[in-house]
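Each remark here refers to the structure printed beneath this line.
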Amino acid sequence: MLVRSGQLKTRAEKVADGLSVSTGTKMWITNAPIADVFVVVGEIGRARQPDRGFILEKGMKGLSAPKIQGKLSLRTSTTGEVVMDGVVVPETGLLPNVSGLKGPFGCLNRGALTAFPGADGCC
């Protein structure tokens, strides 16, 4: 699941254990409550460098994805928010050798290419 920072300035600071993602939320994320993995895009440090992608996994301390209750439209999909409250991401959770949206969108593109043959019935 890709979560773009958008209006929320998702920031991560380097700490001894890896990266510490600042407190924040991202609303109206389809399938957030049932996702096991989140690809979050944000800034590392305070310098205006290109955004970086990092991976958050369900169960990490400080990460939750509650379901949005009582929505009136698009009720066929489960929608929620992603809440980050001091999540510590190991250095291995940073998408390597890429900056900007190229890394996170690359994950989505590769996933779509592997999902398509199965959906098409050819594999």
Side-chain angles (χ1 to χ4, degrees):
M1 159 166 302
L2 172 67
V3 181
R4 174 73 174 110
S5 58
Q7 293 298 323
L8 166 70
K9 286 297 181 185
T10 303
R11 294 185 190 275
E13 301 291 334
K14 289 199 180 266
V15 295
D17 298 338
L19 301 171
S20 176
V21 181
S22 65
T23 301
T25 62
K26 181 64 179 162
M27 295 289 296
W28 304 108
I29 304 297
T30 302
N31 294 328
I34 60 173
D36 293 323
V37 176
F38 302 89
V39 179
V40 178
V41 180
E43 296 175 352
I44 297 179
R46 299 281 179 204
R48 296 297 293 161
Q49 298 175 2
D51 289 349
R52 297 289 306 266
F54 41 94
I55 298 171
L56 305 177
E57 295 182 46
K58 183 183 253 181
M60 291 178 129
K61 184 177 178 184
L63 175 67
S64 63
K67 182 177 181 180
I68 295 175
Q69 300 291 340
K71 66 179 185 171
L72 299 175
S73 61
L74 298 173
R75 291 179 289 191
T76 59
S77 65
T78 301
T79 304
E81 62 180 316
V82 177
V83 181
M84 298 165 280
D85 187 12
V87 178
V88 175
V89 182
E91 195 71 35
T92 57
L94 185 63
L95 296 179
N97 306 320
V98 67
S99 63
L101 293 176
K102 189 177 196 179
F105 282 133
C107 292
L108 292 176
N109 289 341
R110 283 187 209 91
L113 291 175
T114 58
F116 175 72
D120 192 32
C122 65
C123 294

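The figures here come from the full heavy-atom set of this structure, side chains too, leaving out hydrogens, waters and symmetry mates.
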Phe38 vs Leu63 side-chain heavy atoms within contact, under 4.5 Å: yes
With the side chain counted from C-beta on, respond yes when Val89 and Leu94 share a heavy-atom pair under 4.5 Å apart, and no when they do not. no
Could you check whether atom NZ of Lys58 has more than 12 heavy atoms from other residues, nucleotides or ligands sitting under 6.0 Å from it?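 Correct, the count exceeds 12.
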Which pair of non-hydrogen atoms, one from [X] and one from [Y], has the smallest distance, and what is that distance?
X     : Y     : answer
Ser64 : Pro66 : C-CD, 3.6 Å
Gly80 : Pro33 : N-CD, 3.8 Å
Val88 : Met60 : O-CE, 3.8 Å
Ala32 : Val82 : CB-CG2, 4.2 Å

Once salt bridge (charged side-chain N to carboxylate O under 4.0 Å, His left out) is applied, do any residues pair with Glu91, and if so which ones, sequence neighbours excluded? Lys14
Got a sec, which residues hit side chain to side chain contact (heavy atoms under 4.5 Å, CB included) with Ser77, two or more places apart in sequence or on another chain? Thr30, Lys71, Thr79
